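Taking it in order: structure first as structure tokens, then the write-up.
Just so you know, these numbers come straight off a predicted model, no measurement behind them. Computed over heavy atoms, backbone and side chain alike; hydrogens, waters and symmetry mates excluded.
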Amino acid sequence: MLRFFVALLAAKLAKLAITILKPITHSEGSHFPGQLALKICPDFLARAARPKLVIAVTGTNGKTTLSNMLSDGFQHAGYRVISNRWGSNMEPGVASILAENSTLSNRSHAQVAVIEVDEKSSKRIYSRITPDYLVCTQFTRDSMMRNAHPYYIFDFVNENLPDGVKMILNADDLISSSLKKDNPRTYYSIARQPFDVLKNSMVNDAQVCPVCNNHLTYDYTRYDHIGHAHCDKCGFTSPEADYLLTDIDYENRIIRINCKGKALEFNMVSDGIFNTYDQLAAISLFMEYGPECVLKYSGCRQQISHRYN
């Protein structure tokens, strides 16, 4: 225990030094305090105080944008939030924000933690921190030298995420939507749009039925393997969405979402389909956490839209 408090004090002093020297070094040094804390106390993450609500965000695309949307949404709704919002998403970065936002007696200042987690850091982070929610964007091809194949990344997360974590998953991605099948789960999806295509994408890493190994038939694709598919042999199909974005109105910059039977409208945060998925994932999380959070998010959507345009 003494090592932990020495590590906590060292991390806080390191952060103070970085802040003082920033005009000279022009460096955020966002992961160094955590790196120092972990060197002194290797199980720092397991001992560090954290808020009552912990949300982990992962996926090969859009993690930082989605994390920032969630953080901004909770802050506008009146919550005290901590987040590694600049993408320090490995163990030292997570340790840094926990150390920075706690007292010397190891009490968290915040009510909500939004933690972006690098997929390959899953084992080191999830073995010490069990999030209440995991929001996953998608698993698509990334740097082949680092992340190889999407199923390789899938295994990192699937094998290390604890049981019982509530999952917010992209139904349009047949890889990430299969994460932790026994955990409680909620799906979000974008309905077929005019710009979707009938033929398979040239880059498609989900071509085989996960039930019977038959070749999948895609009803439409959006990019890579993102779209909607079914199996002619066993009847398997893409998951049904709890939160379905039905319409993207580019002219009026509005998205319309069927939220478990309730129609809601939100201002678009971006014309890009990747950011639309991020916004839909954020809204899905807010809806699952509590209706009052969604109403507050709806009220502040102008500010959030301005930040990401």
Side-chain angles (χ1 to χ4, degrees), residues 53 55-57 59 62 66 69-70 72-74 76-79 112 114 131-138 164-196 218-222 226-231 235-270 273-305 308:
L53 176 63
I55 301 164
V57 178
L66 174 54
M69 286 181 181
L70 290 171
D72 287 350
F74 275 112
H76 282 294
Y79 292 85
V112 180
V114 178
D132 299 287
Y133 291 89
L134 174 84
V135 189
C136 185
T137 57
Q138 56 197 273
V165 176
K166 299 172 185 175
M167 316 289 288
I168 310 291
L169 301 173
N170 185 347
D172 298 339
D173 173 19
L174 284 180
I175 298 178
S176 66
S177 63
S178 299
L179 279 169
K180 299 295 290 187
K181 289 186 175 181
D182 293 330
N183 281 22
R185 59 222 300 105
T186 295
Y187 290 111
Y188 62 91
S189 171
I190 298 177
R192 186 171 180 176
Q193 300 298 311
F195 51 78
D196 294 332
Y218 272 79
D219 306 299
Y220 57 85
T221 55
R222 195 155 287 138
I226 306 302
H228 192 281
H230 69 273
C231 177
F236 169 83
T237 188
S238 297
E240 183 177 350
D242 301 283
Y243 301 100
L244 180 66
L245 193 158
T246 55
D247 181 48
I248 304 175
D249 185 343
Y250 288 103
E251 182 177 352
N252 296 303
R253 301 192 59 77
I254 290 173
I255 58 173
R256 298 179 178 90
I257 303 174
N258 185 326
C259 299
K260 292 186 175 179
K262 183 177 182 179
L264 295 177
E265 290 187 353
F266 295 88
N267 290 339
M268 293 174 63
V269 299
S270 171
I273 194 65
F274 290 103
N275 291 146
T276 301
Y277 268 115
D278 292 335
Q279 184 180 10
L280 177 57
I283 291 168
S284 301
L285 182 282
F286 291 139
M287 286 293 290
E288 287 300 295
Y289 182 66
E292 76 286 350
C293 196
V294 179
L295 293 174
K296 292 175 182 177
Y297 175 83
S298 301
C300 71
R301 64 183 183 270
Q302 291 285 2
Q303 296 95 313
I304 293 175
S305 179
Y308 292 96

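- The structure places CD of Q193 at 6.5 Å from CG of D196, a figure rounded to the nearest 0.5 Å.
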Y79 vs L53, side-chain contact (heavy atoms from CB on, under 4.5 Å): CA-CA, chis, key distance, verdict: CA-CA 11 Å; Y79 292 85; L53 176 63; over 6 Å; no
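- For the residue pair D172 and I190, the shortest heavy atom distance occurs at OD2-N, 3.0 Å.
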Verdict with supporting geometry, Y277 and T137, side-chain contact (heavy atoms from CB on, under 4.5 Å): CA-CA 7 Å; Y277 268 115; T137 57; over 6 Å; no
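- Among the candidates D278, I55, V112, the single residue satisfying the side chain to side chain contact (heavy atoms under 4.5 Å, CB included) test with L70 is I55.
- Between the side chain of Q279 and the backbone N or O of N267 there is at least one donor-acceptor pair closer than 3.5 Å.
- The shortest heavy-atom contact between A171 and S177 is CA-CB, 4.4 Å.
- The two atoms that bring A229 and T237 nearest to each other are O-OG1, 3.3 Å, heavy atoms only.
- D219 approaches R192 most closely through the heavy-atom pair O-NH1, 4.1 Å.
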From CA spacing to verdict: side-chain contact (heavy atoms from CB on, under 4.5 Å), F236, L174: CA-CA 11 Å; F236 169 83; L174 284 180; 3.9 Å; yes
H228/Y218 under side-chain contact (heavy atoms from CB on, under 4.5 Å): CA gap, chis, key distance, verdict: CA-CA 6 Å; H228 192 281; Y218 272 79; over 6 Å; no
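- The shortest side-chain heavy-atom distance between F195 and R222 falls under the 4.5 Å cut-off.
- By the neighbour-count criterion of 12 heavy atoms within 6.0 Å, atom CG of N252 is densely surrounded, having more than that number from other residues, nucleotides or ligands.
- Heavy-atom minimum distance, S284 versus Y188: OG-CB, 3.3 Å.
- Between the CG atom of L179 and the CD1 atom of I168 there is a distance of 12.5 Å, given to the nearest 0.5 Å.
- Listed for the N183 side chain is a donor-acceptor partner under 3.5 Å among the backbone atoms of G164.
- With contacts defined as side-chain heavy-atom distances shorter than 4.5 Å, the pair I226/F274 does not qualify.
- Rounded to the nearest 0.5 Å, atoms OG1 (T276) and CD1 (I255) are 6.5 Å apart.
- For the atom pair CG of L280 and CG of N170, the computed distance is 8.0 Å after rounding to the nearest 0.5 Å.
- Taking OG of S178 as the reference point, atom CG of D173 lies at 8.5 Å (rounded to 0.5 Å).
- Between F266 and I283 the shortest side-chain heavy-atom distance falls below 4.5 Å.
- The line from CE of M287 to CG of L264 is 6.0 Å long, rounded to the nearest 0.5 Å.
- A pairwise comparison of heavy atoms in Y133 and V165 identifies C-CG1, 3.8 Å as the closest pair.
- Between E288 and R185, no side-chain nitrogen of the basic residue sits less than 4.0 Å from a carboxylate oxygen of the acidic one, so the salt-bridge criterion is not met.
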